[in-house]
Amino acid sequence: MIAAHLPALQVVVPLISAPLCLLLRRPGAAWTVALAVSWFALAVALSLLIEVSIGGPVSYPIGDWAAPWGIEYRVDQVGALVLVIVTAIGAVVMPFAGASVAHEIASDRAYLFYTMYLLCLTGLLGIAITGDVFNLFVFLEISSLSSYVLISMGQDRRALTAAYNYLVMGTVGATFYVIGVGMMYMMTGTLNMADLATRLPAVADTRTILMALAFLTVGLSLKLALFPLHTWLPNAYTYAPSVVTAFLAATATKVAVYAFIRVYFTVFGEVDLFEIAPMVPILMVLALAGMFVGSAVAIFQNNLKRMLAYSSIAQIGYMVLGLSFASVTGLAGGIIHLFNHALMKSALFLALGCVVLRLGTVHIDGLRGLGRRMPLTMAAFVVGGLSLIGVPLTVGFISKWYLVQAALEKGWWPIAGLIVLSSLLAVIYVWRVVEIAYFRPAPEGSAAVEEAPIFMLAPTWIMAGASIYFGIDATATLEVARGAAEFLIKGAP
Amino acid sequence: MDVLGLFNYWIVIVLMMIGFYIVISHGNLVKKVVGLNVFQVSVFVFFISMSKVRGGTAPILEEGIEVYSNPLPHVLILTAIVVGVATTALALGLVVRIRDAYGTIEADEIIEPEEDGA
């Protein structure tokens, strides 16, 4: 039956459609294919999430080769949640892409954009679905290589250097990951995650495994832009086309966080990871440093895309902080922040995409009086901004509440205080934008600006609306995140 | 386990450090790509070395072949080589476009003010 093959379809359909876009060449046709595939992928991901929440993890042997030898696709609650996040962002961003790509990318290259987008989607979905550590590397490189191309499509020539630097850092990160995988293979003779989990405890205290853990941690930290390995991120987000920034900011680093969770809590799940190496203090200190440095630097940025990029580094800090607690509440907080941050950051970057379309700039001075001229766009921006701060009734509040709770559970008062304190930094940089957009008059003699077209406003508001909706009624997301965290920490994979 | 017995691993470490050093220290964008390649090749050598079984031959089903090397890492490295080639091609492609846009491929000559209206 076709339903049994959903895990394969999830990855294979975007993969096959990518060359299809290349052959179609016409921007409109390529856009239609990308849109249809995105919505199809979302439908598959949602049905997988439902299937997994009812019947437990789904295992799919590729080509019918049995698990420890063949490559296994394995969908559990965390994986299904990440699949839904990635495909939902893709499905919402694609309608937006039509107008935005036509405006920012030359029409004779637009079909290449959609080809690369589909390949990137393939890679990200593959990372979330695979149960094999080497297969994860291959998907990681598929998504990374395509995102380098996507970033280099930015109008500014600095997009090229940003993509180049990201390529160098990303390749080093991925190679570090492969070294870690090789060392684990040396000691256990397997690449299957579930199999690794059962075999690793026997060799956990060898130096080879410790080195493997170190290489995996550094490699994945580069990919997820954990402070201080974040230096590729600000330029990449600033100079990439608006659609690319919105898509990558909401998915790429999140999927890397997911891979990190996978390695720590599934592959090394049976090992008392926090016994064999001082991972708790290391991760926690880096996460906290990222939260403060990211937010502090964001305050001084005049380019709003760059400001949000630095704020992303801070938000990644919250996610890593959550998983460094290694408790159910902490991990649930990290996972739910992964979901929530995807909503709010995509809303914010999509709003900036509308601003770019109408004004051609995201410099803070250009936004004077924009609150009256583009009320709907700026309102969406404000909703996203409030969510970044963590104001009640937005999703940001839910995740910070959970993280504070996790810190208090362990009795770590200072950490809880630092979480609240770093949120105050977000108030400053969000307020700067609000002040400029709403309390400054529009510059004299500026051309009339109309609101962004509906195709771009609707996706922006779907994301902004979702970040309010899931902030008011978080029961569904909390249930999935908590279930996923409990599964990762207690249930054997 | 003497020093010579671990010869391959010594080479891996030396190559890895040379490659990594080039990536970090060189300002020429093409040289950086070459450094990245050396770095990746060291990992390939690492995988291939660890799969070698002493006295083993190629894993072919035939009379008289009892001991053979582990073929899986070889296959993995074939994949990794493909990824490496793709990365190199893309990196060099970017360098060509950077040269078109800036007229130079030296990293310290293309630094420009970060802050402007863009």
Side-chain angles (χ1 to χ4, degrees), chain A residues 69 134-135 137-138 140-142 144-146 148-149 151-152 154-172 174-179 181-183 185-187 189-191 208 215 234-235 238-239 300-303 305-306 356 359-366, chain B residues 9 12 16 19-20 22-24 26 29-30 32-33 35-37 39-51 70 72-73 75-77 79-80 82-103 105 107 110-118:
Chain A
W69 297 282
F134 194 82
N135 198 228
F137 160 73
V138 175
L140 194 66
E141 282 300 62
I142 293 179
S144 303
L145 285 169
S146 45
Y148 308 147
V149 179
I151 289 165
S152 76
Q155 289 168 304
D156 196 296
R157 63 177 180 172
R158 278 168 294 186
L160 296 171
T161 45
Y164 181 87
N165 287 334
Y166 183 18
L167 184 143
V168 170
M169 303 274 279
T171 307
V172 169
T175 311
F176 268 44
Y177 176 81
V178 180
I179 299 172
V181 168
M183 287 175 166
Y185 184 74
M186 253 174 133
M187 298 306 286
T190 182
L191 293 167
T208 314
F215 273 114
N235 276 339
T238 310
Y239 301 120
F300 297 101
Q301 300 306 317
N302 288 328
N303 182 321
K305 267 173 124 178
R306 185 181 288 274
V356 169
L359 290 184
T361 176
V362 284
H363 195 273
I364 193 156
D365 288 334
Chain B
Y9 294 101
V12 167
M16 191 181 287
F20 205 38
I22 296 174
V23 172
I24 294 170
H26 273 261
L29 298 186
V30 175
K32 264 187 202 285
V33 176
L36 211 53
N37 265 299
F39 179 61
Q40 285 181 315
V41 164
S42 77
V43 181
F44 303 163
V45 177
F46 170 65
F47 267 74
I48 294 166
S49 305
M50 80 185 178
S51 68
N70 185 351
L72 185 71
V75 182
L76 298 183
I77 288 318
T79 314
V82 173
V83 171
V85 169
T87 313
T88 309
L90 178 56
L92 292 176
L94 281 173
V95 172
V96 169
R97 287 200 46 206
I98 288 173
R99 193 183 141 74
D100 284 348
Y102 290 89
I105 54 166
I110 55 183
I111 290 174
E112 53 187 324
E114 304 266 317
E115 276 299 332
D116 67 351

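Chain letters run A, B, ... following the sequence lines, proteins first and then strands; every chain starts at 1. Basis for what follows: all heavy atoms, side chains included, without hydrogens, waters or symmetry-related copies.
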* Against chain A, work out which of B/Thr79, B/Val95, B/Leu36 has the most heavy-atom pairs shorter than 4.5 Å and name it. => B/Leu36
* To do: Mind ranking A/Ser152, A/Gly366, A/Ser144 by heavy-atom pairs under 4.5 Å with chain B and telling me who comes out on top?
  => A/Ser152
* To do: Give the member of A/Val172, A/Asn165, A/Asp365, A/Leu167 that has the highest number of heavy-atom pairs under 4.5 Å with chain B.
  => A/Leu167
* **Gap separating the CG atom of A/Leu160 from the CZ atom of B/Arg99, nearest 0.5 angstrom** => 14.0 Å
* Asked: With only heavy atoms counted, which part of B/Asp100 is less than 4.5 Å from chain A, the side chain, the backbone, both or neither?
  -> neither
* Separation between CE of A/Met183 and CE of B/Met50, rounded to the nearest 0.5 Å -> 9.5 Å
* Asked: Out of curiosity, B/Tyr102 OH to A/Thr161 OG1, how far, rounded to the nearest 0.5 Å?
  -> 4.0 Å
* **Under 3.5 Å: donor-acceptor pair, side chain of A/Tyr164, backbone of B/Leu29** => yes
* Asked: In Å and rounded to the nearest 0.5 Å, what is the CH2 to CG distance from A/Trp69 to B/Leu72?
  -> 12.5 Å
* Criterion side chain to side chain contact (heavy atoms under 4.5 Å, CB included) on B/Phe39 and A/Thr171, from CA distance to verdict -> CA-CA 10 Å; B/Phe39 179 61; A/Thr171 307; over 6 Å; no
* Structure fact -> Distance col, row B/Phe20:CZ vs A/Thr175:OG1, nearest 0.5 angstrom, shows 9.5 Å
* Proximity breakdown for B/Leu76 and chain A, heavy-atom pairs closer than 4.5 Å -> both
* To do: May I ask you to test the A/Tyr185-B/Asn70 pair for a side-chain heavy-atom distance under 4.5 Å?
  => yes
* Would you mind telling me which of A/Ile142, A/Val149, A/Val168, A/Val178 has the largest number of heavy-atom pairs within less than 4.5 Å of chain B? => A/Val178
* **Under 4.5 Å from a heavy atom of chain A, the part of B/Thr87 involved** => both
* Does the side chain of B/Val83 reach to within under 4.5 Å of the side chain of A/Phe137, using non-hydrogen atoms? -> yes
* Structure fact -> Okay, A/Val356 and chain B: the region with an atom under 4.5 Å from a heavy atom over there is neither
* Contacting region of A/Leu191 [heavy-atom separation from chain B under 4.5 Å] -> side chain
* Go through the atoms of B/Val82 and report whether side chain, backbone, both or neither lie under 4.5 Å from a heavy atom of chain A. => neither
* To do: Please look at B/Ile98 and chain A and tell me whether the side chain, the backbone, both or neither of the residue comes under 4.5 angstrom of a heavy atom of that chain.
  => both
* Structure fact -> To the nearest 0.5 Å, atom CG of B/Leu90 lies from atom CG of A/Leu145 at 6.0 Å
* Examine whether an atom of A/Val138 lies under 4.5 Å from a heavy atom of chain B, and if so say whether it belongs to the side chain, the backbone or both; otherwise answer neither. => side chain
* Output the option from B/Arg97, B/Met16, B/Lys32, B/Gln40 having the highest count of non-hydrogen pairs under 4.5 Å with chain A. => B/Arg97
